[in-house]
J.: 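There's a structure below that I have some questions on.
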Amino acid sequence: MTEILIKNGFVFDPVSGIKGDKKDIAVKDGVIVESVSGSAKVIDASGMTVMAGGVDIHSHVAGAKVNVGRNFRPEDKLQAVYEPARGVRHMAGGNSVPTVFKTAYKYADMGYTTVIEAAMPPLYARHTHEEMRDTPIIDQAALPLFGNNWFILEYLKNGEIDNASAYIAWLLRSTKGYGIKCVNPGGTEAWAWGLNCMTVNDQVPYFEITPKEIIAGLMTVNESLHLPHSLHLHSNNLGNPGNYQTTLDSLKIAEGFKANNNFGRDQVMHHTHIQFHSYGGTSWGDFESKGAEVMDYINKNPNITCDVGFITLDETTTMTGDGPFEYHLSALNHLKWANTDVEIECGAGIVPYIYSKDIYVCGVQWSIGLEMALLAKDHMRCYLTTDHPNAGPFTRYPRVMKWLMSEKARDEVFASMKAEDKVRDRSTLGSIDRELTLYEIAMMTRAGTAKALGMGKKLGGLVPGMQADIAVYPYNPETASDPEQIEYAFSNAKYLIKSGEIIINDSEIVSNGNKQTYWVDVKTNPSKQVEHDLREMFLKYYTVTERNYEVEEHAFMKNPNVISIDATQ
């Protein structure tokens, strides 16, 4: 029996509505409780900030493209010194594509305990789970890709929702996936024909289906399966001037849909890295923000959530299942490019990129993300991400918090830009004096993300009965005045408790924890058609058999946490 008492900290917990009150948090046997005995270990959090463990809804930290990124960019290692092993720590290195150990340590230092791998090619699920298994401390889950999958395109084209549901349930079980991810719906498949889908009404070659029909079909399936998370959408036309109209058209597809689940989730669509999808203008010459228009729509539609994908003004490694976009990006910056096509399922591309504050487009991109987050009316529906590593490394989350919480910090970045006036002119950020509170940061980084993932009853809060994931930061909200203190504190948690175990004690990692991997097992009515199609497709098109495809729990997962759902009724 393990008991811990965290005393006298300033507690910020949107789940229970606590806004900086001095409170004690008690832990017993891995969960938060009302009280503990006198023999409990006491952590003195006086003068410090206490929050639930962070929950990252969208990051790319494991799997085939991440590993290609490591091999493809050896120069990335030069940006950060390899840290030697010490204590329980293994040697750790890498910057924008860190090793699995550095990924875990840096998330822990930031007070995060759960991270979602947001794009898992089903055929490479074994690789993804191997990397997640070897990543200590943080709990994880992975979202398989469906937006360009031949089975799905065929079933949705024919209006076979039951078959699409049965197939998705089979694939989630086979790959040990958590939910439905959709990247550039139809566009990656179209690219195999030398094309792309730039609007929601473009036809996917051969399949004769549109992105609009794919998105609507996947949302219908998602709710019929009662999944914990909603459709996780990366819409078409990413990263291009004028793409905000495509984004609005994509968001409007959610109108009329209602969430149908037992996990406390309200949204039917989560739109990821919305910053990359909120661009105005007709070219890079007249590029401008349309963040205000997109966020205004999201504010008015409570069945949609988003994460931002903040630009951090760093050199990084972009990687996405949106293969045609990466080809386009490589043509823009003339740097190297890697690409992969995953047989009948999806694809991916990788391109290094430098977001320079001396380039006005990068400055406008930086301002769009902050503008949107500051214009959001409900931070339980708007989340902090960098689409790691696409807009910048996840290790910059504390820097983004500083920018969100301090107009002074934002002005310092503006003043350092060569084209300050032009950047200010192309977005509304310079006219916004709002500074987010720690309570709103807690919404964006744990309470809101946990709820959107359908984990809100267990994670993201400090209510008795919830999993004891708790971060203590060396930040005194009553006396702190320098914005730099925000970035330092949220980069260096003083204590981190995960599932009731002390992971960081007095700023030092003392345990690799007992990480869990979440996956969803949905029971559906049997489909003879899907069984037939699986046999045929594996024989005709796959280079592996079904037996070589499945992820077995005992072989690929250290501590599986299965979420079982009965969708037969």
Side-chain angles (χ1 to χ4, degrees), residues 57-58 116 118 141-149 151-173 175 177-183 185-186 200 209-235 249-272 297-298 300-307 380-381 383 448-457 518-527 530 562-569:
I57 197 169
H58 186 101
I116 304 302
L143 303 176
L145 294 155
F146 288 100
N148 293 275
N149 182 299
F151 290 90
I152 291 301
L153 297 181
E154 192 70 22
Y155 291 143
L156 294 183
K157 177 183 72 175
N158 297 329
E160 300 172 24
I161 293 297
D162 288 346
N163 287 334
S165 299
Y167 170 75
I168 287 177
W170 170 84
L171 194 136
L172 289 176
R173 189 178 313 116
T175 65
Y178 188 78
I180 300 176
K181 176 69 183 296
C182 178
V183 172
V200 298
I209 189 171
T210 65
K212 184 176 183 178
E213 293 167 324
I214 297 170
I215 294 168
L218 289 176
M219 279 195 295
T220 301
V221 170
N222 198 96
E223 299 312 317
S224 71
L225 291 177
H226 316 305
L227 297 181
H229 187 35
S230 65
L231 172 65
H232 195 109
L233 178 66
H234 155 152
S235 60
D249 291 341
S250 302
L251 296 174
K252 289 175 182 175
I253 299 169
E255 291 180 2
F257 279 86
K258 292 184 179 178
N260 184 15
N261 66 95
N262 294 318
F263 298 92
R265 159 179 64 84
D266 297 324
Q267 91 281 5
V268 297
M269 176 192 290
H270 174 79
H271 197 301
T272 189
Y297 183 84
I298 293 173
K300 293 174 179 173
N301 290 274
N303 65 348
I304 298 172
T305 60
C306 69
D307 65 84
M380 287 294 285
R381 296 197 290 116
Y383 313 130
T449 48
K451 183 179 180 184
L453 288 165
M455 297 180 177
K457 296 176 183 176
Y518 296 97
W519 69 276
V520 172
D521 186 9
V522 192
K523 183 180 179 183
T524 57
N525 294 314
S527 168
V530 172
V562 187
I563 297 170
S564 298
I565 301 169
D566 186 348
T568 57
Q569 302 301 316

J.: Which residues pass the side chain to side chain contact (heavy atoms under 4.5 Å, CB included) test with Asn261, sequence neighbours left out?
T.: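 With sequence neighbours excluded, Asn261 shows a side chain to side chain contact (heavy atoms under 4.5 Å, CB included) to Ala259, Phe263, Arg265, given in chain and number order.
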J.: Once rounded to the nearest 0.5 Å, what's the spacing between atom CG of Leu227 and atom CG of Leu453?
T.: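 Between Leu227 CG and Leu453 CG, I get 12.0 Å after rounding to 0.5 Å.
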J.: Take Leu251 and Asn301 through the test side chain to side chain contact (heavy atoms under 4.5 Å, CB included) and record every step on the way to the result.
T.: CA-CA 9 Å; Leu251 296 174; Asn301 290 274; over 6 Å; no
J.: Under a 3.5 Å distance rule, please check whether Asp521 uses its side chain to pair with a backbone N or O of Ser564 as donor and acceptor.
T.: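 Between the backbone of Ser564 and the side chain of Asp521 there is no qualifying donor-acceptor contact (under 3.5 Å).
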J.: For the OG1 atom of Thr220 and the CD atom of Glu213, what is their distance to the nearest 0.5 Å?
T.: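 Reported to 0.5 Å precision, the distance equals 11.5 Å.
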J.: Please examine the side chains of Val520 and Ile565, heavy atoms only from C-beta on, and report whether any two atoms are closer than 4.5 Å.
T.: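 Ile565 reaches Val520 side chain to side chain.
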J.: Verify, without hydrogens or angle tests, whether Asn303 (side chain) and Gln267 (backbone) share a donor-acceptor contact under 3.5 angstrom.
T.: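 Judged by distance alone, no pair lies under 3.5 Å.
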J.: Would you sort out whether Tyr383 and His58 count as a side chain to side chain contact (heavy atoms under 4.5 Å, CB included), showing the intermediate values?
T.: CA-CA 9 Å; Tyr383 313 130; His58 186 101; over 6 Å; no
J.: With Asp266, which of Lys258, Arg381, Lys451 fulfils salt bridge (charged side-chain N to carboxylate O under 4.0 Å, His left out)?
T.: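 With Asp266 as partner, Lys258, Arg381, Lys451 yield a single salt bridge (charged side-chain N to carboxylate O under 4.0 Å, His left out), made by Lys451.
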J.: Can Ile168 and Leu218 be said to form a side chain to side chain contact (heavy atoms under 4.5 Å, CB included), step by step?
T.: CA-CA 10 Å; Ile168 287 177; Leu218 289 176; 3.9 Å; yes
J.: Taking the six-membered ring for Trp, are His270 and His229 parallel (under 30°), tilted (30 to 60°) or perpendicular (over 60°)?
T.: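 Aromatic pair His270/His229 classed tilted.
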J.: Looking just at side-chain N and O atoms, do Asp307 and Thr272 make a donor-acceptor pair shorter than 3.5 Å?
T.: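 Looking only at side-chain atoms, Thr272 and Asp307 do form a donor-acceptor pair, the distance falling under 3.5 Å.
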J.: Can you name the closest pair of heavy atoms from Ser250 and Val200 and give their distance?
T.: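 The answer is OG-CG1, 3.4 Å.
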J.: Between Ser224 and Ser165, do the side chains contain a donor N or O and an acceptor N or O under 3.5 Å apart?
T.: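 Short answer, yes.
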J.: A side-chain contact here means heavy atoms from C-beta on lying under 4.5 Å apart; do Phe151 and Leu171 qualify?
T.: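 With C-beta onward as the side chain, the pair stays apart.
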J.: Which heavy-atom pair separates His232 from Lys181 by the least distance, and what is that distance?
T.: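 Heavy atoms of His232 and Lys181 come nearest at O-CD, 3.3 Å.
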J.: What's the separation between atom CG in Asp162 and atom OH in Tyr155, rounded to the nearest 0.5 Å?
T.: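 Between Asp162 CG and Tyr155 OH, I get 11.5 Å after rounding to 0.5 Å.
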J.: When you compare the side chain of Asn222 with that of Val268, does any pair of heavy atoms fall below 4.5 Å?
T.: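 Answer no - side chains too far apart.
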